[in-house]
Amino acid sequence: MIVGIDLGTTHSLIGVHDGQGGRLFTNAYGDLLTPSVVSLDGDTVLVGRAARERLVTHPHLTAATFKRVMGSDHEVKLGERRFRPEELSALVLRSLLADAEAALGIRIEEAVISVPAYFSDAQRKATRTAGELAGIRVERLINEPTAAALAYGLRDREGEGRILVLDLGGGTFDVSILELFDGVVEVHASAGDTFLGGEDFLEVLLQAFAADSGTDLKQLPAGELARLRQQMEAFKHGLSGNGDSTLQIALLGTTVQWSCTAERFETLAAPLLQRMRLPIERALRDARLGPGDIDDVVLVGGAVRMSMVGRLATRLLGRLPLRHIHPDQAIALGTTLAAGLKQRAIDLEEVVLTDVCPYTLGIDISRVDERGRYHPGYFLPVIPRNSVVPISREQSISPVSDKQKVLSVGIFQGEHPVVERNIALGRLDIPVDPARGGDGSFRVRFTYDVDGLLQVEITDTGSGRKHDLVLQRSEGALDAEQIQERLAALQALKVHPREHLPNVALMARAERVYAEYIDNRDHVQAWLAHFRSTLESQDAARIAEQREAFTAALDALETDA
Ligand code: AMP
């Protein structure tokens, strides 16, 4: 059984395709969404809801949003231990796998995992390593918008038409254009902005609040700023729900009240909406299509709940967007479909999925000016972005001088004409024999497969000798031996039995409420002590009953506060 996993920045989901359709699994708390947060409690790891509570009470032992540093050497320190982002992701994956295994009653060994279309080679490899560290084989990495389009495309269409997917998450915006015909799903183009998301809309509101109320956000103590951000987030959600929203908050000892209409929010956000146009236009241009060629527009990601995003899509593309699949679930459902395709699940028998390479891959070259001088550091594309993968392409190059002993070819990804501004993937150094004959040129062949693995082959046209390099391992990534070491270290960490997790999360929540609200502390502490002693009784029915009552008490306390 191959599972599909949406390994998200803020939360993650897991599911399977059961031959009829995608089915997502709930975690130990009964939720489909597991917060992508990891916390250490001694030698025990907590993942998800309990860990998220501990962001407030135990920030030094808790990690969140580590997807942002995937593929880098950045290590997160939790207490005395250091974790790489792929290890933290592996812990989230393990928790998801435990939920799926509990539901299915079998051990899971393979998965399809979604990644942002803009993930670089290093970030994709780190995601694969996370899978290995979680004890599974990653059958395939699928681009998130491709997954979302699959979820819509394969469910609603008879297998024809072009779909444009807009994915606006917390921090990134992705656009993809896919075509379905005769059971083939083909991605025509992806584009995006990796620094544009729901967070920026929040920032716009915070700045307007600061200006209106004369608050200098930089002067606020960290705790007050965090509380303001939290309340503003709820305020923003309110604006997308029923129109207007009012905020009341105590800052630096005085109560400030602020309100904003939906119209004003849209005016404030106009520059952000303007930025959203660019990737949409670029994707259409790359796919050589006009708005009229698109049959369906699909919205995914939490931030598309803002109605102005739907209106922008309607204005630009001339049709009402679809959003009937829950925007938080579309990607996960798509990954289950991709997993179903791998397994050849019954109702997907005829479907073939193709994907594109989301960025340009090339090499560094020197340019000759009109006076015959060489200027190094320029980028020569070999595989242009949005080429359908798998793909193999060739370019010819020549050494700059007859006396050159070595040809050093740098391999890069990116869209900048100056190679330094692109991402370096590797380098091949080839001996040059001055007496080798031929026309003196070399052929550089790039072969890129569906998982985003790049193979580079350089042939000396004179001697016919070939040199190759498989870019399996990027700078800073773990090698096979290091993966084994980290795997053993992760396995030494304990996890709570699944059935105890709701109790663990409830206690973590009570501790957070105790830390956050100075009123009612006695009350919370008494509840906590009482619940601890009930847990010792090991009476499952009593524990469940009290958990419910305690949860209701905390709910009431948090809504009144
Ligand atoms: P995602 O990464 O897809 O989960 O998207 C998270 C983003 O969606 C965050 O920036 C949230 O603020 C935003 N979001 C979630 N729900 C709403 C809502 N009801 N209204 C506006 N933005 C929302």
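Just follow the structure's listing: the first ligand is 1, and inside any ligand the first atom is 1.
In this structure, NE2 on H237 lies 7.5 Å from CZ on R305, to the nearest 0.5 angstrom.
Take R319 and apply the side-chain hydrogen bond (donor to acceptor under 3.5 Å, both in side chains) test, not counting sequence neighbours, and it matches no residue. Partners of H60 by side chain to side chain contact (heavy atoms under 4.5 Å, CB included), not counting sequence neighbours: none found.
For the residue pair N422 and E415, the shortest heavy atom distance occurs at OD1-N, 3.2 Å.
The number of heavy-atom neighbours closer than 6.0 Å to CZ of R275, taken from other residues, nucleotides and ligands shown, is above 12.
Within the structure, the ring-ring contact (aromatic ring centres under 6.0 Å, His included) test picks out the following pairs touching residues 200-236 (sequence neighbours left out): F209-W258, F235-W258.
If you look at ligand 1, the protein residues with a non-hydrogen atom under 4.0 Å away are T10, H11, G169, G170, G198, E199, E233, K236, H237, S240, G301, G302, A303, R305, M306.
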